[in-house]
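I have placed the structure first, in the form of structure tokens, so that the comments after it can refer back to it.
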Amino acid sequence: MSAIWAKIHGWLALLMAIQILFWFASGLFFSAFPIEQVRSEHAVAGTPPTPVPFGTAADGLLRLGSAGIVGDRIEIRALAGRPVALVSTGEARPRLFDLASAELLSPLPMDVAVRIAEADHDGALRATRVERVAANTTEYRGALPAWRVDFDDGEARSIYVAADSGTVTARRSTLWRVYDFLWGLHIMDWRHHENFNSILLIVTTALGLIVVVSGIVMLPSRLGYTAWRRRRRALKAARSMSPGPLPDEA
């Protein structure tokens, strides 16, 4: 029986050696780097949000109402030094309005997105490259359209700003990209890096479990316990059949 388990263990371990290596290597990497660092939370400027006075907010909302602007949800905040209202209606794209003039601000132009990203990034670095994002990618799966603002900060950091809301929706860096690549290997979704319920992963994990169980089953044999028990049984059988003491007992 142990020979059968040994063959199962050996062939499955050989078949899954690369994926098991990916699991252990990626798991070690995930444990070594805090998720806050991966998400670049340590590189976010600690600037407190600018408060919007109630009077300014009330006057602005009256102004929007007079202009016939309605919505399900309204968020009041300061954006790039000016009080704004983010108006959302159902599943439609949100709209950003200037409270002082009721002017529609979204989608935000590139220069405003750059100012938002530079204010979000800790330090006094300036953006080195700006790109408009119109479709989701492996690196960014958020509100569209968006602006990708790159910084030369030694980490190849990119900050994504949603054009409709002016919100920073993602922060990416070299560490995040390595993490995401290893995550794709870990869950065996090499294309999108997000599906950890695939049949491939389930089957592979089940086979990995068989490798572990077969290894546990073979452990007594590998430690010599099985041979020791066999010798012990043989010795007991010899004792029961012999009327006198055995030679090794004399």
Practice problem: Determine, using the 4.5 Å side-chain heavy-atom cutoff (strictly less than), whether L182 and I20 are members of one ILVMFWY cluster. | Solution: yes

Practice problem: Identify the two heavy atoms, one from R95 and one from L104, that lie closest to each other, and give their separation to 0.1 Å. | Solution: CB-CD1, 3.9 Å

Quiz prompt | Flag, side chain of R115 to backbone of A80, donor-acceptor distance under 3.5 Å | solution = yes

Self-check item: Salt-bridge contact E75-R77 (side-chain N to carboxylate O under 4.0 Å)
Solution: yes

Quiz item: Can you name the nearest heavy-atom pair linking A113 to V161, along with the distance?
Solution: O-CG2, 3.9 Å

Exercise. Measure from the side-chain N and O atoms of D72 to the backbone N and O of G90, and report whether any donor-acceptor pair falls under 3.5 Å.
Key: yes

Quiz prompt | Cluster overlap Y160 with V112, hydrophobic side-chain contacts below 4.5 Å | solution = no

Practice problem: Search all heavy atoms of R141 against all heavy atoms of N136 and return the closest pair with its distance. | Solution: CA-OD1, 3.3 Å

Quiz item: In terms of hydrophobic clusters joined by side-chain contacts under 4.5 Å, are V84 and F54 together?
Solution: no

Quiz item: Going by atom types only, do S158 and R177 share a side-chain donor-acceptor pair under 3.5 Å?
Solution: yes

Quiz item: How long is the span from the CZ atom in R63 to the CD1 atom in I69, to the nearest 0.5 Å?
Solution: 11.0 Å

Quiz prompt | Interatomic distance, D111 atom CG to W147 atom CH2 [nearest 0.5 angstrom] | solution = 9.0 Å

Quiz prompt | Nearest-0.5 Å distance that lies between atom CZ in R93 and atom CG in D164 | solution = 4.0 Å

Exercise. Go through the steps to decide whether W190 and L185 satisfy the test side chain to side chain contact (heavy atoms under 4.5 Å, CB included), and finish with yes or no.
Key: CA-CA 6 Å; W190 305 293; L185 296 179; 3.6 Å; yes

Quiz item: Hey, is CZ on R39 packed in by over 12 heavy atoms from elsewhere, all under 6.0 Å?
Solution: no

Quiz prompt | Other residues, nucleotides, ligands: >12 heavy atoms within 6.0 Å of R73 CZ | solution = yes

Quiz item: For F29, does the CZ atom have more than 12 heavy-atom neighbours from other residues, nucleotides or ligands under 6.0 Å away?
Solution: yes

Self-check item: Spacing of CD belonging to E41 relative to CD1 belonging to I35, to within rounding of 0.5 Å
Solution: 8.0 Å

Quiz item: What are the two closest heavy atoms between W23 and S26, and how far apart are they?
Solution: O-OG, 3.2 Å

Practice problem: Measure across H193 and D180 and return the closest heavy-atom pair with its distance rounded to 0.1 Å. | Solution: ND1-OD2, 2.8 Å

Self-check item: Heavy-atom donor-acceptor pair, S198 side chain to L201 backbone, under 3.5 Å
Solution: yes

Quiz prompt | Sub-4.5 Å side-chain heavy-atom contact between L144 and V133 | solution = yes

Self-check item: Smallest separation among heavy atoms of L96 and S106, with atom names
Solution: N-OG, 3.0 Å

Self-check item: M110, CE: over 12 other non-hydrogen atoms inside 6.0 angstrom
Solution: no

Quiz item: Should I116 and L79 be marked as a side chain to side chain contact (heavy atoms under 4.5 Å, CB included) after you check the CA-CA gap, both sets of side-chain angles, and the distance that decides it?
Solution: CA-CA 8 Å; I116 294 171; L79 181 68; 3.5 Å; yes

Quiz item: Okay, side chain of D189, backbone of N195: is any donor-acceptor separation there less than 3.5 Å?
Solution: yes

Exercise. Verify side chain to side chain contact (heavy atoms under 4.5 Å, CB included) between L64 and L99, making sure each step is shown before the conclusion.
Key: CA-CA 7 Å; L64 294 179; L99 282 177; 4.1 Å; yes

Self-check item: Within-4.5 Å side-chain heavy-atom neighbours: F97 and L61
Solution: no

Exercise. Determine whether more than 12 heavy atoms belonging to other residues, nucleotides or ligands lie under 6.0 Å from atom CD1 of I18.
Key: no

Quiz item: Please walk me through it: do F196 and H186 pass side chain to side chain contact (heavy atoms under 4.5 Å, CB included)?
Solution: CA-CA 9 Å; F196 53 86; H186 194 83; over 6 Å; no

Exercise. Using salt bridge (charged side-chain N to carboxylate O under 4.0 Å, His left out) as the criterion, list what pairs up with R148, not counting sequence neighbours.
Key: E139, D150

